[in-house]
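Read through the structure below, which is laid out as structure tokens, and then see the notes.
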Amino acid sequence: PAYDIVIRGGTLATATDVFKADLGIQAGRIAAIGLDLPAGVQEIDAKGRLVLPGGVDTHCHIEQLSGSGLMSADNFETATRSAAFGGTTSVISFAAQHRGANLASVVEEYAALAKKGAIIDYAFHLMVANPDEQTVTQDLPALIRAGHRSVKVFMTYDAVQVDDGQLLDVLMAARSAGALVCVHAENHGLLKWMGERLMKRGYTAPKYHSVSHPQAAEVEAFHRLIAFSELLDQPICIFHVSTAEGAKVIREARGRGVKIYAETCPHYLLMTAAELDKPGIEGAKWVCSPPQRGSSDQEALWQALALGDLQILSSDHAPYRFDETGKLKYGPNPGFKQIANGMPGLEMRLPVMFDAMVSQGRLGLKKFVELTATAPARIYDLPGKGSLAIGMDADIAVWDADRKIVLADNLHDNTGYNPFAGRTITGWPETVLRRGEVVVAQGALKAQPGSGRLMLREAGEATRPTGTLSPEFDPARNFGAKLY
Ligand code: URP
Ligand code: ZN
Ligand code: ZN
Ligand code: ZN
């Protein structure tokens with residue numbers, strides 16, 4: 001037979017087209033897309049099904065030590081297994097440096113863990129928390145040139161945040177070597193001050209977590225970050241945009257030509273801060289940062305996706321169990337400041353967004369593929385990922401668009417709860433292939449831990465400065481100073 005596998009009779013969808021075709025796979029790649037393809041060694045019947053590119057989730061914390069020293073609940077095996085069950089076939093997680101650690105060794109450690117456990121393909125963001133001379137001038141540029149083409153910094157969290165000068169150092173290092181800089185942007189002083197004021201007055205329940213992250217913290221940090229990005233002409237990606245005003249700041253900056261990408265996550269579109277308001281400590285399960293907001297923020301984020309101000313839908317998978325190893329590490333009734341930030345998201349990202357975008361019709365199927373697979377693969381330069389075209393990796397999810405599911409606390413990760421439990425959604429990824437290997441079929445895992453591959457990346461379009469020099473960095477206007 002001409003093909004290892006033929007996916008037959010389905011409706012294919014990319015970010016630009018929806019059409020009926022068979023899809024032939026040879027040696028892990030898409031070898032043919034056409035009508036009435038000859039038989040494959042294996043045939044997958046896709047009649048009445050949608051054939052979509054596997055999801056690309058470019059923001060997930062896997063087997064990672066948090067800023068407060070807490071290990072995330074998943075290792076690479078459980079996290080990528082759960083991703084695969086949700087139709088996702090590529091992830092970018094973090095090689096997370098902590099203060100005092102050597103970034104190059106950190107990358108080696110994470111790469112070894114992923115190599116052992118990952119079931120789907122993976123790349124790393126270089127997370128810099130210790131931007132000393134060695135890191136900024138030696139290790140970071142070398143690792144970027146070795147193919148880790150994105151860097152992550154936090155503007156908040158005591159243990160990992162960088163200050164303004166350090167942020168400028170990291171932006172400059174990324175510019176010199178060719179990487180996109182991703183940022184968790186919230187004003188640290190404001191969060192700290194609000195958190196302490198609430199706690200001191202006895203407002204310690206999980207719901208006050210949302211009050212402790214004012215919209216202004218996002219707005220201020222976005223403005224500061226964008227000002228630096230614009231000054232240095234260094235592209236950035238703003239992580240997890242959660243507010244209407246934050247989205248507006250991004251829109252303004254993009255409108256004047258600043259090279260900014262930005263993402264939001266399902267929990268900002270489909271949840272509000274009301275999730276945190278549950279009896280007792282139950283709301284801790286929904287504590288994440290930034291917190292869920294209000295319904296007007298949700299509307300603004302949908303609008304920003306529609307307009308292209310936000311280009312990526314990621315999960316921000318940051319799993320902690322609802323027990324003493326995770327959310328309740330500091331006792332059975334912790335104040336909101338002591339609750340680990342984050343929720344599992346790898347498995348539910350695509351199903352809940354498919355339901356909202358395709359089944360309920362908001363923005364539609366092509367935009368769903370674009371935001372969850374094509375754009376993230378393009379912006380982060382993941383080779384062969386994010387679409388259906390001849391020569392690309394055969395990363396494919398076959399969806400039953402009509403299947404109704406009541407979500408339960410039965411995810412395939414190690415978190416033990418599902419923040420979307422209780423909702424009914426329509427649409428489910430039934431069969432998932434990664435590089436032409438079936439990883440999930442009939443509700444069962446088919447691939448082995450360690451079968452995922454590290455993706456090294458070229459410096460693509462998103463990493464390139466615009467070439468518009470600010471007056472301070474333009475020798476023709478700064479009295480000849482060479483600052484790059
Ligand atoms: O609450 C979250 N998202 N925790 C993970 C760390 C981060 O801020 O992305
Ligand atoms: Zn973050
Ligand atoms: Zn503004
Ligand atoms: Zn995160």
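When a ligand or atom number is given, it counts from 1 through the structure's own listing order.
A distance below 6.0 Å separates the ring centres of His125 and Tyr380.
Checked against side-chain hydrogen bond (donor to acceptor under 3.5 Å, both in side chains), Asp323 has the following partners two or more places apart in sequence or in another chain: Arg321, Thr325.
Counted by atom type alone, Asn410 and Asn418 present zero donor-acceptor pairs between their side chains at under 3.5 Å. Side chain to side chain, His412 and Glu347 meet the donor-acceptor criterion of an N or O pair below 3.5 Å. Side chains of Asn341 and Ser289: a donor-acceptor N/O pair is present below 3.5 angstrom, by distance only.
Taking a heavy-atom cut-off of under 4.0 Å, ligand 1 is surrounded by His59, His61, Phe154, Tyr157, His184, His240, Cys288, Ser289, Asp316, Ala318, Asn341, Gly342.
Annotation: salt bridge (Lys or Arg N to Asp or Glu O under 4.0 Å) contacts involving residues 205-219, sequence neighbours excluded, comprise Lys207-Asp277.
With respect to Glu220 and Arg224, a salt bridge is recorded, a charged nitrogen being found less than 4.0 Å from a carboxylate O.
Applying side-chain hydrogen bond (donor to acceptor under 3.5 Å, both in side chains) to Asp355 and the options Gln360, Arg423, Arg362 leaves one that passes, Gln360. Each of His61, His59, His317, His213 was checked for a ring-ring contact (aromatic ring centres under 6.0 Å, His included) with His240, and the lone residue meeting it is His59.
For the Zn ion (ligand 4), protein N, O or S atoms closer than 2.8 Å were enumerated as His59 NE2, His61 NE2, Asp316 OD1, with waters left out.
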